[in-house]
2 protein chains.
Amino acid sequence: MRLNMTTGRDLVKGSTDSLVLYLISEKPMYGYQIIKELEKKSQGYFKFKEGTLYPALHRLENTGLIDSQWEILPGGRNRRYYRITTKGQRTLAEKRSQWRDFLVAINLVLQPGTSDAR
Amino acid sequence: MRLNMTTGRDLVKGSTDSLVLYLISEKPMYGYQIIKELEKKSQGYFKFKEGTLYPALHRLENTGLIDSQWEILPGGRNRRYYRITTKGQRTLAEKRSQWRDFLVAINLVLQPGTSDAR
DNA sequence: ATAATATACCTAGTTGTCCTATGTATTTAT
DNA sequence: ATAAATACATAGGACAACTAGGTATATTAT
């Protein structure tokens, strides 16, 4: 039943917004494209579900970190392009440093050093 | 309102069980001790809430990754010591490799290389 | 003495993210 | 003709994390 036991995908929780924000910061992208790009760049590791990505995009837009613009394609298959905002860039920078802090903390714990404060 | 915006503690989500499992694997510990040790080792970064840790411990015990034994102290303040099981050790090893895979994937995405598969 | 803090356990209820499943609609490949 | 890919969307359920409360003893500060 529990599929996620061995995949380790739960680690993704909490990093979704950062990853998406980062990708969009490189160049404006639409949802479906983000899913494909993330999968390609990570060599198959990240396979975002639509039920994960689209709510995340709406979340990011609602908090003003990204904004969007529809591109009307010939036919009915339109695309919604997302662009990072100035606020989003500030937040992304913040998230980068948070990520570094997190890694440092993890390494401190895993470090087989003294557990005594000095 | 949203306090967690700047703390970056959401990154912890998904790594709680691994951290706890790792700590216990070093030596048997009781809940309160785990909270304090994690805080000390991480130099203040990890400050697990009781509402986070105790359910996590019960979760790990229910899935057979750890087991517990009460230590009766003189007075009424007893301690419940947790020990990693064989199954827990296997799972911990798995989680280590998942963590490595996750870091690799993240770095692949953040790498400013070609996004073309080769 | 007494109040506050630290130690030590616990859980019910809320919140929020992620996934499943489903829906709509067009285009391309078989 | 039919399946798969492209492209968007959301309702519902599962589950982890936190808030906030509870119980009880020991220690430290006032």
Side-chain angles (χ1 to χ4, degrees), chain A residues 1-5 7-21 28-40 46-63 65-66 68-82 95 102, chain B residues 1-5 7-21 28-40 46-63 65-66 68-82 95 102:
Chain A
M1 276 94 249
R2 303 289 313 101
L3 289 169
N4 275 23
M5 274 300 290
T7 62
R9 285 290 193 295
D10 9 299
L11 288 168
V12 181
K13 294 183 185 184
S15 58
T16 298
D17 287 16
S18 297
L19 271 175
V20 171
L21 200 53
M29 294 176 78
Y30 56 97
Y32 194 81
Q33 186 185 12
I34 293 172
I35 292 177
K36 295 302 166 192
E37 277 281 315
L38 266 180
E39 182 168 6
K40 198 205 281 184
F46 292 115
K47 292 176 193 289
F48 275 39
K49 311 300 178 196
E50 297 178 316
T52 299
L53 180 71
Y54 289 116
L57 286 172
H58 300 157
R59 209 157 52 225
L60 290 169
E61 184 165 32
N62 285 336
T63 50
L65 305 186
I66 60 180
S68 68
Q69 196 181 350
W70 282 95
E71 178 176 323
I72 311 300
L73 299 183
R77 239 180 24 188
N78 301 330
R79 292 168 178 169
R80 191 169 179 179
Y81 273 89
Y82 289 94
K95 283 180 180 292
F102 176 66
Chain B
M1 279 94 248
R2 303 290 312 96
L3 288 168
N4 276 24
M5 275 299 290
T7 61
R9 284 292 193 296
D10 8 302
L11 289 168
V12 181
K13 293 182 187 185
S15 58
T16 297
D17 287 14
S18 297
L19 271 175
V20 171
L21 200 53
M29 294 177 78
Y30 56 96
Y32 193 81
Q33 185 185 12
I34 292 171
I35 292 177
K36 295 303 166 190
E37 277 280 314
L38 267 179
E39 181 167 6
K40 197 205 281 183
F46 292 116
K47 291 176 194 290
F48 275 38
K49 311 299 178 196
E50 297 181 319
T52 298
L53 181 71
Y54 289 115
L57 287 173
H58 301 158
R59 209 158 50 228
L60 290 170
E61 185 165 31
N62 286 336
T63 50
L65 305 185
I66 60 179
S68 69
Q69 197 182 349
W70 283 95
E71 178 177 323
I72 311 300
L73 299 182
R77 240 180 24 188
N78 300 331
R79 292 168 177 169
R80 190 169 179 179
Y81 274 89
Y82 289 94
K95 283 179 178 293
F102 176 66

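In what follows, chains are A, B, ... by sequence order, proteins preceding strands, each numbered from 1.
Straight-line distance from the CD1 atom of A/I35 to the P atom of D/dC8: 8 Å, rounded to whole Å. If you measure from atom CD of B/E61 to atom P of C/dT11, you get 11 Å, rounded to the nearest angstrom. A straight line from OH of B/Y82 to P of C/dA8 spans 14 Å, rounded to a whole angstrom. A straight line from CG of B/L53 to C1' of D/dA16 spans 13 Å, rounded to a whole angstrom. Taking atom NZ on A/K49 and atom P on C/dC18, their separation rounds to 13 Å, with Å as the unit. Whole-Å rounding puts the B/I72 CD1 to C/dT7 C1' distance at 16 Å. Residue B/L57 contributes atom CG, which lies 14 Å from atom P of C/dA8 at whole-angstrom precision. As a whole-Å value, the separation of A/M29 CE from D/dA7 P is 11 Å.
Taking only side-chain nitrogens and oxygens, A/Y30 comes nearer than 4.0 Å to OP1 or OP2 of D/dA7. Residue B/H58 places at least one side-chain N or O under 4.0 Å from the OP1 or OP2 atom of C/dT11. Under 4.0 angstrom from either OP1 or OP2 of C/dT27 there lies no side-chain N or O belonging to A/R77. Contact between the side-chain N/O atoms of B/R80 and the OP1/OP2 oxygens of C/dC10 is found at a separation under 4.0 Å. Regarding contacts with the backbone of D/dA17, a side-chain N or O of B/T16 is found under 4.0 angstrom from either OP1 or OP2.
The shortest side-chain heavy-atom distance between A/W70 and A/R80 falls under the 4.5 Å cut-off. Residues A/Y81 and A/Q33 are in side-chain contact: their nearest non-hydrogen atoms beyond the backbone lie under 4.5 Å apart. With contacts defined as side-chain heavy-atom distances shorter than 4.5 Å, the pair A/V20/A/F48 qualifies.
Comparing C/dC10, D/dA9, D/dC18 against the side chain of B/T52 picks out D/dC18 as the nearest. You'll find that the side chain of A/D17 is closest to C/dC18, out of C/dC18, C/dT11, C/dC19. Picking from D/dA9, D/dA17, C/dC9 the nucleotide with the shortest atom distance to the side chain of A/Y54 gives D/dA9.
Where A/Y81 and B/R59 meet DNA chain D, the nucleotide closest to each residue was compared, and A/Y81 sits on the side nearer the 5' end. Take the nearest nucleotide of DNA chain C for B/K36 and for B/E50: the residue whose nucleotide is more 5' is B/K36.
Using a 4.0 Å heavy-atom distance criterion, B/G51 is classed as a base contact.
Side-chain atoms of A/Q33 and base atoms of D/dA7 include no donor and acceptor less than 3.5 Å apart.
Scanning both residues, A/I34 and A/L57, for their nearest heavy atoms gives CD1-CD2, 4.0 Å.
The residue from B/M29, B/E50, B/K47, B/K40 that alone fulfils the side chain to side chain contact (heavy atoms under 4.5 Å, CB included) condition with B/I35 is B/E50.
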